[in-house]
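Naming convention: chains lettered A, B, ... in sequence-line order (proteins, then strands); numbering from 1 in each chain.
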There are 2 protein chains.
Amino acid sequence: MKALSQVQQKFVLHWGEMGTRWGINRTVAQIHALLFISPVPLNAEDIADTLTVARSNVSTSLKELQAWGIVRLVHVMGDKRDHFESMKDVWEMFRVVLDERKKREVDPMLTVLRDCIIEAEKDKQADEHTEAKLRELLEFFETTTGWYQQVRALPTPALTRFMKLGDKVRKALGLGE
Amino acid sequence: MKALSQVQQKFVLHWGEMGTRWGINRTVAQIHALLFISPVPLNAEDIADTLTVARSNVSTSLKELQAWGIVRLVHVMGDKRDHFESMKDVWEMFRVVLDERKKREVDPMLTVLRDCIIEAEKDKQADEHTEAKLRELLEFFETTTGWYQQVRALPTPALTRFMKLGDKVRKALGLGE
DNA sequence: GTCGAAATTCTGTAACTACTGAAATTCCAG
DNA sequence: CTGGAATTTCAGTAGTTACAGAATTTCGAC
């Protein structure tokens, strides 16, 4: 196993750091970074050696990455060990991550908000102001996720073209304001 | 200080939980939730009592919320204690949070990626594949943040109208694909 | 089936983060 | 100024999460 170049190290370390900021375990994020820049699938031992973490740690981290849906197990000819590769396409990768975060965090949030609002309605007067604020939050999450559902379905080229339109969007849609 | 209703508790606890998932300290998020649904500014002691955490903990958490820019210190007539209130408008609040996360996390990411790419160019051959992948990532972040800069500037009514257009967006922009 | 390699699970420990309570500081009112 | 309340800082502790290494299980070749 070839050691990482300076550049590769810098990237892997920073990606790991970013992970922690967004609630992802550092090692998990580092492994993902490593697989992302690797031109070939890697086996668990190589990963452990490269990042100098325990084999067992790599095993659980890979499980998590697979649960996120951005890393998959593959086999390479003439090697019975499991190998792993990251999703290759950046846009698709973020789509998968966002879908997963929506499922894990936003959807339960919507459920809780709806429950709370129903509960608060019964008890009017007591919780009138709370109810109003929760409705505002719910409205926000519903609008943003509804919109996300729309754009996530766009194929990448359409999505990037759309994003790069810039000012034209506003004009085309008559959203001057 | 009035104790929280069932609904309020449920919301505050869940918001705290959500916070941790996104790298925000649980208490910090709970305090924010509390201030968000509170019709009036609260002082540190009330917050500490309501959430049963130490006064000192409230103090540091409030500092952090102020650093995020979504909570501010206010004074109420005839009370020399500091009081705090959350930003009221949900859309504006998320704009502020996203701006801050961009500044803290995305911008440094862009810097690192650009540095890495420059570095990798010098050393061609050795890091050709890495360079290519990092370029893809950079392109992704540049496009998305560039787009965000555009839409963040829209006043809320325009933004929500835009998001609710749904299918019409695709058609209006000829992004059928 | 059996053997050896690979992978996973588990348990104890280390590292880190969050938190409390005490001490120190700031801020006013008088 | 001085005294008392409010706030912040700090140091130690508790709680949590991440991790290594050992034990166990799985897997495939024979």
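A donor-acceptor contact closer than 3.5 angstrom links the side chains of A:Thr156 and A:Arg95. Checking A:Glu136 against B:Trp91 by side-chain atom types alone, no donor-acceptor pair falls below 3.5 Å. Between the side chains of B:Gln8 and B:Ser5, at least one donor N or O lies within less than 3.5 Å of an accepting N or O.
For the OP1/OP2 pair of D:dT9 and a distance below 4.0 Å, the side-chain nitrogens and oxygens of B:Ser59 include no atom meeting the criterion. For B:Lys80, no side-chain nitrogen or oxygen approaches OP1 or OP2 of D:dA6 to under 4.0 Å.
Nucleic acid contact for B:Asn57: base, since at least one base atom lies under 4.0 Å from a heavy atom of the residue. Among the protein residues, A:Asn43 comes within range of no part of the nucleic acid, since none of its heavy atoms lies under 4.0 Å from any strand.
Ion pairing between B:Glu119 and B:Arg114 fails under the 4.0 Å rule for side-chain N and carboxylate O.
Toward the 5′ end of DNA chain D lies the nearest nucleotide of B:Lys63, the other residue of the pair B:Lys63 and A:Thr27 mapping further downstream. Along DNA chain C, the nucleotide nearest to A:Arg81 and the one nearest to A:Arg26 differ in position, and the one closer to the 5' end is contacted by A:Arg81.
As rounded to whole Å, 7 Å separates atom P of C:dA6 from atom CD of A:Glu45. In this structure, B:Asp82 atom CG and D:dA5 atom P are separated by 17 Å, rounded to whole Å. In this structure, A:Arg55 atom CZ and C:dA6 atom C1' are separated by 7 Å, rounded to whole Å. Rounded to an integer number of Å, the gap from CG of A:Leu62 to P of C:dT9 is 12 Å. The separation between B:Leu51 atom CG and C:dA18 atom P is 16 Å, rounded to whole Å. Taking atom CG on B:Asp49 and atom P on C:dT20, their separation rounds to 12 Å, with Å as the unit. Taking atom CD1 of B:Ile31 as the reference point, atom P of C:dC19 lies 9 Å away to the nearest angstrom. Atom NE2 in B:His75 sits roughly 11 Å away from atom P in C:dC27 (whole-Å rounding).
Side chain of B:Ser56, nearest nucleotide from C:dT8, C:dC19, D:dC10: D:dC10. Residue A:Ala54 places its side chain closer to D:dG21 than to any other of C:dA5, D:dG21, D:dT9.
Each of A:Met87, A:Lys88, A:His83 was scored for a side chain to side chain contact (heavy atoms under 4.5 Å, CB included) with A:Glu85, with one residue passing: A:Lys88.
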